[in-house]
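Only one structure is covered here, and it is reproduced in the block below.
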Amino acid sequence: MGESLAISKTLSANDAGDTGAHQAGILVPKEEKILSFFPHLAADRRNPRAHLLFRDESGAEWEFAFIYYNNRLFGGTRNEYRLTRMTRYIREQALVPGDEVLLSRDGHGSYSITARRLKKSTARRDAEGRVVLQLGGGWRIIELHGGGK
DNA sequence: AGCCATGCACCG
DNA sequence: CGGTGCATGGCT
């Protein structure tokens, strides 16, 4: 029940929106401990979902969707959990691949989220949304997108 | 198992 | 009509 718990996910390129996929759903592994962080979704119906409110450090609230894509149980091919609708959060926090989102749940079932950036490299986005990664001394652009078209 | 990709619906 | 998310398929 109301047990406090925290999980974290290191963002992939796809999670950070760098692959061009218009799907910001991060994959949630089917591990008991991690699934127990989220509300239980019944497997007797197709693609059940729960909308969850996460509060960030500034007090702002973000609504994400925890979805069980389970059409495999109904003749399809999917059987996985995802946490979707994180696009705006990831964009506004300017998160990049390798950064980590920390999801916490307190004893009362309230959720909170905080982003943890890489400590070694100060990866950031420049004004044009490009990912810039600091390696050792110099700055290097490791990915370009979005500038032209 | 995890990440990448996409047609379509919806909405501003 | 461009951006976003749904639901699903694909690739490794």
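Within every chain, numbering begins at 1; the chains are lettered A, B, ... in the order of the sequence lines, protein sequences first and strands thereafter. It should be emphasised that the depicted structure is a prediction, and the values quoted were computed from it without experimental measurement.
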Exercise. Does A:Ser12 put a side-chain nitrogen or oxygen below 4.0 Å from OP1 or OP2 of B:dC4?
Worked result: yes
Exercise. Could you state the CG-C1' distance from A:Leu27 to C:dT8, rounded to the nearest angstrom?
Worked result: 14 Å
For this session: Show your reasoning for whether side chain to side chain donor-acceptor pair (under 3.5 Å) applies to A:Asp56 and A:Ser58.
Result: CA-CA 5 Å; A:Asp56 69 18; A:Ser58 77; 2.7 Å; yes
Exercise. Just to confirm, is there a sub-4.0 Å distance from OP1 or OP2 of C:dT8 to any side-chain nitrogen or oxygen of A:Asn47?
Worked result: yes
For this session: For A:Asn70 and A:Arg45, indicate whether the former's side chain and the latter's backbone hold a donor-acceptor pair under 3.5 Å.
Result: yes
For this session: Check the distance between C:dT4's P and A:Ile67's CD1 and give it to me in whole angstrom.
Result: 17 Å
Exercise. Salt bridge (charged side-chain N to carboxylate O under 4.0 Å, His left out) between A:Lys9 and A:Asp15: does it pass, once the steps are laid out?
Worked result: CA-CA 10 Å; A:Lys9 169 72 163 73; A:Asp15 295 336; 2.8 Å; yes
Problem set entry | Length of the line joining A:Arg85:CZ and C:dA7:P, which is rounded to integer Å | 11 Å
Exercise. A:Asn14 CG to B:dA5 P: how many Å, rounded?
Worked result: 7 Å
For this session: Give a yes/no on whether any side-chain N or O of A:Arg88 is located under 4.0 angstrom from OP1 or OP2 of C:dG5.
Result: yes
For this session: Indicate whether OP1 or OP2 belonging to C:dG9 is found under 4.0 Å from a side-chain N or O atom of A:Thr77.
Result: yes
Problem set entry | ring-ring contact (aromatic ring centres under 6.0 Å, His included) assessment of A:Phe54 paired with A:Trp62 | CA-CA 5 Å; A:Phe54 286 81; A:Trp62 304 85; over 10 Å; no
For this session: Establish, from distance only, whether the side-chain atoms of A:Ser4 and A:Asp106 form a donor-acceptor pair under 3.5 Å.
Result: no
Seminar exercise, completed: Which of B:dC4, C:dC6, C:dT8 is nearest the side chain of A:Thr84? It is C:dC6
Exercise. In whole Å, what is the span from the OH atom of A:Tyr69 to the P atom of B:dA1?
Worked result: 19 Å
Problem set entry | Gap between atoms CD1 and C1', on A:Ile34 and B:dA1 respectively (whole Å) | 13 Å
For this session: Whole angstrom is fine here: how far is it from CD in A:Glu80 over to P in C:dC11?
Result: 16 Å
Problem set entry | C:dA7 OP1/OP2 closer than 4.0 Å to side-chain N/O of A:Arg46 | no
For this session: Mind checking A:Arg72 for me? I need base, sugar-phosphate or nothing, with any heavy atom below 4.0 Å counting as a touch.
Result: nothing
Exercise. Between atom CZ in A:Arg45 and atom C1' in C:dA7, what is the gap in whole Å?
Worked result: 16 Å
Exercise. Would you say a side-chain N or O of A:Arg82 is under 4.0 Å from OP1 or OP2 of C:dT8?
Worked result: no
Exercise. In terms of the nearest nucleotide of DNA chain C, which residue is placed more toward the 5' end: A:Gly76 or A:Arg49?
Worked result: A:Arg49
For this session: Classify the side chain of A:His22 versus the base of C:dG2 as yes if they form a donor-acceptor pair under 3.5 Å and no if they do not.
Result: no
Exercise. Quick one: is A:Thr87 getting a side-chain N or O under 4.0 Å of the C:dT4 phosphate, OP1 or OP2?
Worked result: no
